[in-house]
There are 2 protein chains.
Amino acid sequence: MVRQPSINAQHRPPLSTERIIEAALQIVDGQGLGRLTMRRLGDSLEVEAMAIYHHLPRGKEQLLDGLVAHVASAPAEDTPSRPWQDVLRGWAGDYRGRLMAHAGVLPLVVTRRNPAALTTTVASLREVMRRGGIAEGAAAAAAHTLLGYVIGHTALEVRGTNEDGADRVVDWEARFTAGLDLVIGGVR
Amino acid sequence: MVRQPSINAQHRPPLSTERIIEAALQIVDGQGLGRLTMRRLGDSLEVEAMAIYHHLPRGKEQLLDGLVAHVASAPAEDTPSRPWQDVLRGWAGDYRGRLMAHAGVLPLVVTRRNPAALTTTVASLREVMRRGGIAEGAAAAAAHTLLGYVIGHTALEVRGTNEDGADRVVDWEARFTAGLDLVIGGVR
DNA sequence: ACCTGAACACCGTTCAAGT
DNA sequence: ACCTGAACACCGTTCAAGT
């Protein structure tokens, strides 16, 4: 029998930053942030953990920054034919869904010093409001208010403060849109 | 010379859950969450790390839960003589200050499954609104909106999205109260 | 250029033992 | 009851070495 030349040396896609981030996100989504280790990440990529450092020289720090950029950087796409309020409502719903789908990275989104990720998002919100005739200063403030609300409320939802003082079950969807209307309705 | 009976055996206060949490908070505030380890915490208490497990049997998990409870559980104190809007504004300012002072625990507040900590806080907000004549359902929803906003906006502030697209410096204080008025003003 | 293997300095936690 | 000391199974990261 002919000897196999180092099993799986050829038949796998080469390592890349993108593949690394995707594999990491899959681990976080499936097993939680606490189980994301360089060694486990290496395993899932069929590579020694140390190979990752060749693509992410700053190591785990850079990996976590990449995760935040991947989930939190989702600017609103403006559609001039729609009322700007509807555009923002649509964006907020999508962003909430995005954060919930990757709830494991929420603590990173909240505190990681990774300016670029949120800056483009907040800028896009400001632009939509500008287009709607909101003054520059008010638009800038309201963009932060809106993003802050969406992130904060989604965090509460993920934590699941599921009682209410009373024993009512919370309808998070309704609660989210109620607060959202309140925020968007106040912008002028 | 008389032999000292096991240095510092008597002249230190006995270990207690409270002292442990306080020491942990001091480490987090001073050096960041990443540097909070059981061994370092033991050092700062002049005790072996393993002694901590006698007071917190669930270990680090329980320690982190304790930190969240210590900073996030801060209900609004109602003052019936003041308008309920002012009471909420006052609470929000205090809560923001609290979160900023202990920014290192913010990621824990956001995601730790620790219902009690936030439940009492959110219940107190609902009660203040009830007293102000807001209907039960609306008050419950608005309480979540308000807490979500305060946590989310403060998280953005701590991260310091300090540019703005343009190069303007952000006045976070003004921005916070602007969004706050928007949220509180919309409650009815 | 890209990956490996061994090594280092740490972790959280267990468990038997001391007082 | 309260704390210690040694041990175990992990971490992230470095560094020299392989191809």
Side-chain angles (χ1 to χ4, degrees), chain A residues 3-25 27-28 31-68 104-105 107-108 112-113, chain B residues 3-25 27-28 31-68 104-105 107-108 111-114:
Chain A
R3 201 152 53 91
Q4 288 297 108
S6 72
I7 310 211
N8 70 21
Q10 357 281 93
H11 311 94
R12 83 187 165 193
L15 215 46
S16 72
T17 305
E18 234 170 87
R19 279 190 60 230
I20 293 172
I21 299 285
E22 268 158 28
L25 198 57
I27 291 174
V28 173
Q31 313 182 244
L33 185 59
R35 288 187 60 80
L36 176 62
T37 69
M38 299 304 271
R39 284 163 158 92
R40 234 187 302 263
L41 181 55
D43 274 359
S44 90
L45 290 162
E46 297 183 61
V47 108
E48 292 300 311
M50 298 69 200
I52 297 166
Y53 288 80
H54 204 268
H55 300 263
L56 304 176
R58 272 177 39 244
K60 196 167 189 184
E61 205 73 359
Q62 193 173 357
L63 176 66
L64 299 182
D65 284 348
L67 287 178
V68 172
V105 312
L108 302 178
R112 211 119 256 283
R113 187 125 16 252
Chain B
R3 201 152 54 90
Q4 288 297 109
S6 72
I7 309 211
N8 70 20
Q10 354 283 94
H11 311 94
R12 82 187 167 194
L15 216 46
S16 73
T17 305
E18 234 171 87
R19 280 189 62 229
I20 293 171
I21 299 285
E22 267 158 28
L25 198 56
I27 291 174
V28 174
Q31 312 182 242
L33 186 59
R35 289 188 58 82
L36 176 62
T37 69
M38 299 303 270
R39 283 163 158 91
R40 235 188 300 265
L41 181 55
D43 274 358
S44 91
L45 291 161
E46 297 182 60
V47 109
E48 293 300 311
M50 297 70 200
I52 297 165
Y53 288 81
H54 204 269
H55 299 264
L56 304 176
R58 273 176 38 245
K60 196 166 189 185
E61 205 74 357
Q62 194 172 356
L63 176 66
L64 299 182
D65 283 348
L67 287 178
V68 172
V105 311
L108 302 178
T111 41
R112 210 119 254 283
R113 189 131 7 257
N114 189 2

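In what follows, chains carry the letters A, B, and so on, assigned in the order in which the sequence lines appear, proteins first and then strands, with residues in each chain numbered from 1.
The residue A/Met38 sits close only to the backbone: its heavy atoms come under 4.0 Å of sugar-phosphate atoms, none of a base. Nucleic acid contact class of B/Arg35 (heavy atoms, under 4.0 Å, all strands): none.
Between the CE atom of B/Met50 and the P atom of C/dA17 there is a distance of 17 Å, given to the nearest Å. In this structure, the CG atom of A/Leu45 is 15 Å from the C1' atom of C/dT4, given to the nearest Å. Atoms CD (B/Glu46) and P (D/dT4) sit 11 Å apart, rounded to a whole Å. Summarising the geometry, the separation between NZ on B/Lys60 and P on D/dC10 is reported as 18 Å, rounded to the nearest angstrom. Atom pair B/Leu36:CG and C/dC10:C1' shows a separation of 15 Å (rounding to whole Å applied). The distance from atom NE2 of A/His54 to atom P of D/dA17 is 17 Å, rounded to the nearest whole Å. Here D/dT19 presents its P atom at 15 Å from CD of A/Glu48, a figure rounded to the nearest Å. In this structure, B/Tyr53 places its OH atom 18 Å from P of D/dA7, rounding to the nearest Å.
Within the shown strands, D/dA1 is the pairing partner of C/dT19 under the Watson-Crick or G-U definition, both distances less than 3.5 Å. Of the nucleotides present, D/dT14 is the one that pairs with C/dA6 by Watson-Crick or G-U wobble criteria, both distances under 3.5 Å.
With rounding to the nearest 0.5 angstrom, the CG atom of A/Leu67 is 6.5 Å from the CG atom of A/Leu36. Annotation: the span from A/Thr37 atom OG1 to A/Leu63 atom CG amounts to 10.5 Å, rounded to 0.5 Å.
Summarising the local packing, CD of A/Glu18 is surrounded by 12 or fewer heavy atoms from other residues, nucleotides or ligands at distances under 6.0 Å.
OP1 or OP2 of D/dC3 sits under 4.0 Å from a side-chain N or O of B/His55. A close approach under 4.0 Å does not occur between any side-chain nitrogen or oxygen of A/Arg40 and OP1 or OP2 of D/dC10.
Here the side chain of A/Thr37 is nearest to one of D/dC11, C/dA7, D/dC3, namely D/dC11.
No option in A/Ile20, A/Leu15, A/Leu41 other than A/Leu15 meets the side-chain contact (heavy atoms from CB on, under 4.5 Å) test with A/Val47.
For B/Arg35 (side chain) and B/Ile27 (main-chain N/O), no donor-acceptor pair under 3.5 Å exists by modelled atom type.
Between B/Leu15 and B/Arg39, the residue anchored nearer the 5' end of DNA chain D, judged by the nucleotide with its closest heavy atom, is B/Leu15.
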